[in-house]
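Presented below is the structure to which this report refers.
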Amino acid sequence: RDPKIRWENRRYGYLHERDRWERMVVLYLSPEPWSPAMLEAALIDRYDGQPGCRNIRKGGDSVGHDTSAAYVTYMVYRSFKHKPA
């Protein structure tokens with residue numbers, strides 16, 4: 001859930017993926033899990049099938065109950081001028 005870790009992690013971070021993501025934008029930060037999960041699901045539903053939408057799951061499916069950190073909805077993007085590696 002920590003966006004910095006999700007972005008920078010050497011094994012699974014967006015920064016190191018072959019898609020060459022350029023940025024991560026945090027859209028929503030909350031002390032409870034349900035609102036970010038609903039926003040994620042709504043965004044995926046809205047953009048599913050559109051160019052650039054790479055989600056496989058419908059969103060909101062990884063809601064946890066760990067209260068030690070905030071819950072986050074984010075998006076990553078890259079320019080279509082640059083092809084993935």
Side-chain angles (χ1 to χ4, degrees):
R1 284 193 320 228
D2 184 331
K4 185 175 186 327
I5 292 171
R6 185 61 181 96
W7 178 255
E8 295 177 349
N9 188 285
R10 291 243 178 246
R11 287 188 301 146
Y12 60 82
Y14 289 110
L15 180 64
H16 305 288
E17 286 187 356
R18 69 170 209 253
D19 291 309
R20 298 174 59 188
W21 302 109
E22 293 176 16
R23 301 268 191 275
M24 173 188 275
V25 177
V26 173
L27 302 172
Y28 192 70
L29 185 66
S30 173
E32 52 84 22
W34 308 112
S35 298
M38 289 176 62
L39 176 58
E40 177 188 30
L43 288 169
I44 292 171
D45 183 62
R46 167 63 181 88
Y47 293 103
D48 188 34
Q50 299 294 314
C53 183
R54 307 289 288 285
N55 292 85
I56 296 169
R57 293 192 234 158
K58 293 297 182 185
D61 52 345
S62 61
V63 173
H65 297 285
D66 178 8
T67 58
S68 65
Y71 296 88
V72 180
T73 302
Y74 59 83
M75 65 176 218
V76 295
Y77 66 90
R78 68 175 174 85
S79 170
F80 285 107
K81 293 188 290 186
H82 308 290
K83 292 185 179 190

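Bear in mind that the values here come from a model prediction, so they are computed numbers and not experimental data.
Trp21 and Val26 fall within the same hydrophobic cluster, defined by Ile, Leu, Val, Met, Phe, Trp and Tyr side-chain heavy atoms under 4.5 Å apart, directly or through other members. In the hydrophobic clustering of this structure, Tyr14 groups with Val72; members are Ile, Leu, Val, Met, Phe, Trp, Tyr whose side-chain heavy atoms approach within less than 4.5 Å, directly or through other members. Hydrophobic clustering places Leu29 together with Val76 (ILVMFWY residues linked when any side-chain heavy atoms are closer than 4.5 Å, directly or through intermediates). Residue Leu27 is grouped with residue Tyr77 when hydrophobic side chains (ILVMFWY) are merged at heavy-atom distances under 4.5 angstrom, including chains of intermediate members.
The two residues Cys53 and Tyr47 have their closest heavy-atom pair at CB-O, 3.2 Å. Residues Trp7 and Glu22 approach most closely at CH2-C, 3.6 Å, considering heavy atoms. When all heavy atoms of Pro36 and Ser30 are compared, the pair lying nearest together is CG-CB, 3.7 Å. For Asp19 against Arg54, the heavy-atom pair with the smallest separation is OD1-NH2, 3.0 Å.
Looking only at distances, a side-chain donor or acceptor of His16 sits under 3.5 Å from a matching main-chain atom of Glu8.
For Met75, the CE atom sits in a packed shell: over 12 heavy atoms of surrounding residues, nucleotides or ligands are nearer than 6.0 Å.
Atom CG of residue Leu39 and atom CD1 of residue Ile44 lie 9.5 Å apart, to the nearest 0.5 angstrom. Note that CG of Leu15 is 10.5 Å distant from NZ of Lys4, once rounded to the nearest 0.5 Å.
Looking at heavy atoms from C-beta onward, Glu40 lies out of side-chain contact with Tyr74 at the 4.5 angstrom threshold.
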